[in-house]
Amino acid sequence: MKDRILQELKNKAEGYVSGEEISNQLQVSRTAIWKYINQLKSEGYIIESQTKKGYKLLESPDSLLPVELKSMLKTEFLGHHMEYLQQVDSTNVYAKKIAENRFQNGTVVLAEEQARGKGRLGRQWISPKGKGIFMSLMLKPKIAPSEAAKITLLTACAVSKAIEETCGISVQIKWPNDIVVKGKKLCGILTEMGAEMDEINYLIVGIGINVNLEQQELPEELWPIATSLQIEKGEKLDRKRLAASVLNYFEDYYKLFTETGSIAAFIKEYKAKCVVMGKEVKILSSTMEMQGTVTDISEEGQLILELPDGSIREIISGEVSLRALEGYI
Ligand code: BT5
């Protein structure tokens, strides 16, 4: 009911909504409305009440509350069910627990803060309260498990598009899962799945974006390699609008991929943004290390590497790290 009252206030952003109007519309008593309005105020909404005119929403809090995001979604299924948490160890771990049972395809888990945000290969993702977007998208795509890596690539395209459109900042992609600005990391993507031999039970796409972080909120060792939208833009940005835009773009790209079985439609865009194209890089995994020049990214999402002896290797994104010979990219 609280969300519906909030929606009524949002529908009339320019004016006042009287208690009577809400009461008739939602079949709820005036006293109950007053209680819900007080709850909203305690959550950070600034609502003006005037005896004769009614209520007017002046300001919404800087939070990722589902009711805020949902009003900006244009999706058919993504984010229709959301789990919103003030704090969690990791949204991916939380999503995995849900996924072990039945879950609604397109569920989105969002948190204001992660105590143990996860990167790839057991690494950590720094996730300070209220400063970033930490979310996991829960999907059940009808694709072979071997195709899942492509979803990381399409996610990078969707997030890049959303950042450029809502924040007006040009970004690049560092294959396979980082979004960078001027050579510094702004966003990481962690795709995890539970699968049988030929069927995916669940796929979890974890997205972490540094939105309003200040440099001091990152550990000092990351200062040379990490940044945030606020640092780059010099102003605070609207997390809600960005998160909704990521979901809108993601669903478009995801549908295109699952319907055609191919990422051909956006691999060109990915390559154009890919900061390692043509660069000499080092590929590291737990079992090997190799150096070469990136010549292409295939339609399968693999990195095409030319080794010093002229031979060509195709690198699958899964369990490898990529380093430039100097610096982070
Ligand atoms: C990633 O791993 O970049 C994937 C990060 C995914 C985070 C999201 S948040 C929502 C969801 N829930 C989770 O628990 N995780 C996902 P990787 O490529 O391994 O990069 C990790 C490395 O990035 C670390 O070792 C640091 O060097 C660096 N790093 C850590 N936190 C950072 C931050 N906030 N900003 C920029 N760089 C960071």
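Read the numbers this way: they start at 1 and go in the same order the structure lists the ligands and their atoms. Side chains included, hydrogens not; waters and symmetry mates left out as well; all remaining heavy atoms used. Please read these numbers as outputs of a predicted model, since none were measured by experiment.
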Indicate yes or no: at least one non-hydrogen side-chain atom of [X] is less than 4.5 angstrom from one of [Y].
| X | Y | result |
| --- | --- | --- |
| Arg239 | Lys131 | no |
| Leu190 | Asn177 | no |
| Leu69 | Met82 | yes |
| Lys118 | Arg123 | no |

Nearest-neighbour protein heavy atom for [atom], which is reported as residue plus atom name and distance:
| atom | value |
| --- | --- |
| atom 37 (N) of ligand 1 | Trp125 CZ3, 3.7 Å |
| atom 28 (C) of ligand 1 | Leu222 CD2, 4.0 Å |
| atom 9 (S) of ligand 1 | Gln114 NE2, 3.4 Å |

For [atom], which candidate among [options] holds the nearest heavy atom?
| atom | options | result |
| --- | --- | --- |
| atom 36 (C) of ligand 1 | Ser90, Pro128, Ala226 | Ala226 |
| atom 25 (O) of ligand 1 | Lys131, Arg123, Lys184, Glu217 | Arg123 |
| atom 20 (O) of ligand 1 | Arg120, Lys185, Gln124 | Lys185 |

For Asp252, all residues meeting side-chain contact (heavy atoms from CB on, under 4.5 Å), sequence neighbours excluded
none

Hey, does Ile189 sit under 4.0 Å from ligand 1 if you only count heavy atoms?
yes

Atoms in ligand 1 flagged as close to [X], the criterion being non-hydrogen separation under 4.0 Å:
| X | answer |
| --- | --- |
| Met135 | 10 (C) |
| Asn210 | 33 (C), 34 (N), 35 (N), 36 (C) |
| Lys118 | 5 (C), 6 (C), 7 (C), 13 (C), 14 (O), 15 (N), 16 (C) |
| Gly117 | 14 (O) |
| Thr91 | 10 (C), 11 (C), 12 (N) |

Is ligand 1 under 4.0 Å from a heavy atom in the side chain of [X], in the backbone, in both, or in neither?
| X | result |
| --- | --- |
| Asn92 | both |
| Val93 | neither |
| Asn177 | side chain |

Answer with yes or no whether the side chains of Thr260 and Ser262 bring together a donor and an acceptor at under 3.5 Å.
no

If the plane angle is over 60° it's perpendicular, under 30° parallel, otherwise tilted; pick one for Tyr253 and Tyr249.
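Perpendicular: the ring planes of Tyr253 and Tyr249 meet at over 60°.
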
Roughly how far, to the nearest 0.5 Å, is the [atom2] atom of [Y] from the [atom1] atom of [X]?
| X | Y | atom1 | atom2 | value |
| --- | --- | --- | --- | --- |
| Ser136 | Asn92 | OG | CG | 3.5 Å |
| Glu199 | Ile143 | CD | CD1 | 11.5 Å |
| Leu6 | Lys10 | CG | NZ | 5.5 Å |

Nitrogen or oxygen atoms of Ile126 and ligand 1 under 3.5 Å apart
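Checking ligand 1 against Ile126, an N or O pair does fall under 3.5 Å apart.
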
